[in-house]
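Please find one structure pasted underneath; my questions will follow.
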Amino acid sequence: MKKAYPVVLSKGEKYTVVYIPDFEINTQGKDTVDAMKMARDAIGIIGIDMEDEGESLPEPTAVSDVKKDSAYDIVTLVDVDFEEYRRKNDLKAVKKNCTIPSWLNFEAEKAGVNFSAILTAALKKELNI
């Protein structure tokens, strides 16, 4: 599910601070581009955590309803695809059972091959990830 949430960008001396009103959280970045990336990441983390807890994601507030503290602040939207975010950031391991020829297993174990790393690399290559 993809949603676009409003954010408020405030330029500080060293960083760009981002306030995300629908989640009542702040983050920051080195510049505007980094701040937008950090906002997307913060929304993704909070969002999948809420889903895991059985909570509903908040509906995005209309940009016109978002208040800014300064005339220099920027109100814009950050889109997040929660399903994609979960896929790319869920690092828990899943056990898979596979079958290979005995002679190949012998040679791989003798060489100290990490089967999980090889399978992961091969799957990424096959899927163009």
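Basis for what follows: all heavy atoms, side chains included, without hydrogens, waters or symmetry-related copies. Source: prediction; values computed, not measured.
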(request) Apply side-chain contact (heavy atoms from CB on, under 4.5 Å) to Leu123 and list each qualifying residue two or more places apart in sequence or on a separate chain. (result)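 side-chain contact (heavy atoms from CB on, under 4.5 Å) list for Leu123, sorted by chain: Leu119.
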(request) Please list all pairs passing the salt bridge (charged side-chain N to carboxylate O under 4.0 Å, His left out) test where one or both residues lie in residues 57-76, with sequence neighbours left out. (result) Lys3-Glu59
(message) Is there a path of hydrophobic side-chain contacts, each under 4.5 Å between heavy atoms of I/L/V/M/F/W/Y residues, joining Val7 to Met38?
(response) no
(request) Name all residues meeting the side chain to side chain donor-acceptor pair (under 3.5 Å) criterion together with Glu51; count only those two or more places apart in sequence or in a different chain, and write none if there are none. (result)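 By the side chain to side chain donor-acceptor pair (under 3.5 Å) rule, Glu51 matches Arg86.
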Review item, side-chain donor-acceptor pairs of residues 95-103, under 3.5 Å, at least two apart:
none

(request) State, with a plain yes or no, whether a side-chain heavy atom of Asn26 is found less than 4.5 Å away from one of Val18. (result)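 Sidechains of Val18 and Asn26: no contact.
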(message) Going by ring-ring contact (aromatic ring centres under 6.0 Å, His included), name the pairs with one or both residues in residues 49-89, residues two or more places apart or in two chains.
(response) none
(request) Might you point out which heavy atoms bring Ala42 and Ile25 nearest each other, and give the distance in Å? (result) CB-CD1, 3.8 Å
(request) Sequence neighbours left out, what passes salt bridge (Lys or Arg N to Asp or Glu O under 4.0 Å) with Lys88? Give chain and number order. (result) Glu84
(message) Using every non-hydrogen atom in the two residues, find where Ala4 and Pro60 come nearest and quote the distance to one decimal.
(response) O-CB, 3.1 Å
(message) So, taking the atom named CG in Leu127 and the one named CD1 in Ile129, what distance separates them when rounded to the nearest 0.5 Å?
(response) 4.5 Å
(message) Using the side-chain contact (heavy atoms from CB on, under 4.5 Å) criterion, which residues pair with Ala121? Sequence neighbours excluded.
(response)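 For Ala121, no residue satisfies side-chain contact (heavy atoms from CB on, under 4.5 Å) once neighbours in sequence are set aside.
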(request) Provide the full list of salt bridge (charged side-chain N to carboxylate O under 4.0 Å, His left out) pairs with a residue in residues 21-45, sequence neighbours left out, each pair given once. (result) Arg40-Asp79
(request) Calculate, to the nearest 0.5 Å, the distance between atoms CD and CD1 belonging to Glu55 and Ile46 respectively. (result) 9.5 Å
(request) Identify, with sequence neighbours excluded, every residue that meets ring pair (Phe, Tyr, Trp, His ring centres under 6.0 Å) alongside Phe23. (result)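 Ring pair (Phe, Tyr, Trp, His ring centres under 6.0 Å) check on Phe23 returns Tyr5.
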(message) Looking at Tyr15, is its backbone amide N or carbonyl O close enough to the side chain of Gln28 to form a donor-acceptor pair, meaning the two atoms are under 3.5 Å apart?
(response) no
(message) Set out, in order, the CA-CA distance, both residues' side-chain angles and the distance that settles side chain to side chain contact (heavy atoms under 4.5 Å, CB included) for Met36 and Val78, then state yes or no.
(response) CA-CA 7 Å; Met36 298 290 282; Val78 172; 3.7 Å; yes
(message) Which residues pass the salt bridge (Lys or Arg N to Asp or Glu O under 4.0 Å) test with Lys124, not counting sequence neighbours?
(response)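 Checked Lys124 against salt bridge (Lys or Arg N to Asp or Glu O under 4.0 Å); zero matches.
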(message) Side chains of Val17 and Leu9, heavy atoms from C-beta outward: is any pair under 4.5 Å?
(response)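 Contact flag for Val17/Leu9 side chains = no.
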(request) Would you list the pairs meeting salt bridge (charged side-chain N to carboxylate O under 4.0 Å, His left out) in which at least one residue belongs to residues 100-123, sequence neighbours left out? (result) Glu107-Lys110
(request) Tell me who clusters with Leu77, hydrophobic residues only, linked when side chains sit under 4.5 Å apart either directly or through other members. (result)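 Members besides Leu77, by chain and number: Val8, Tyr19, Val63, Val66, Val75.
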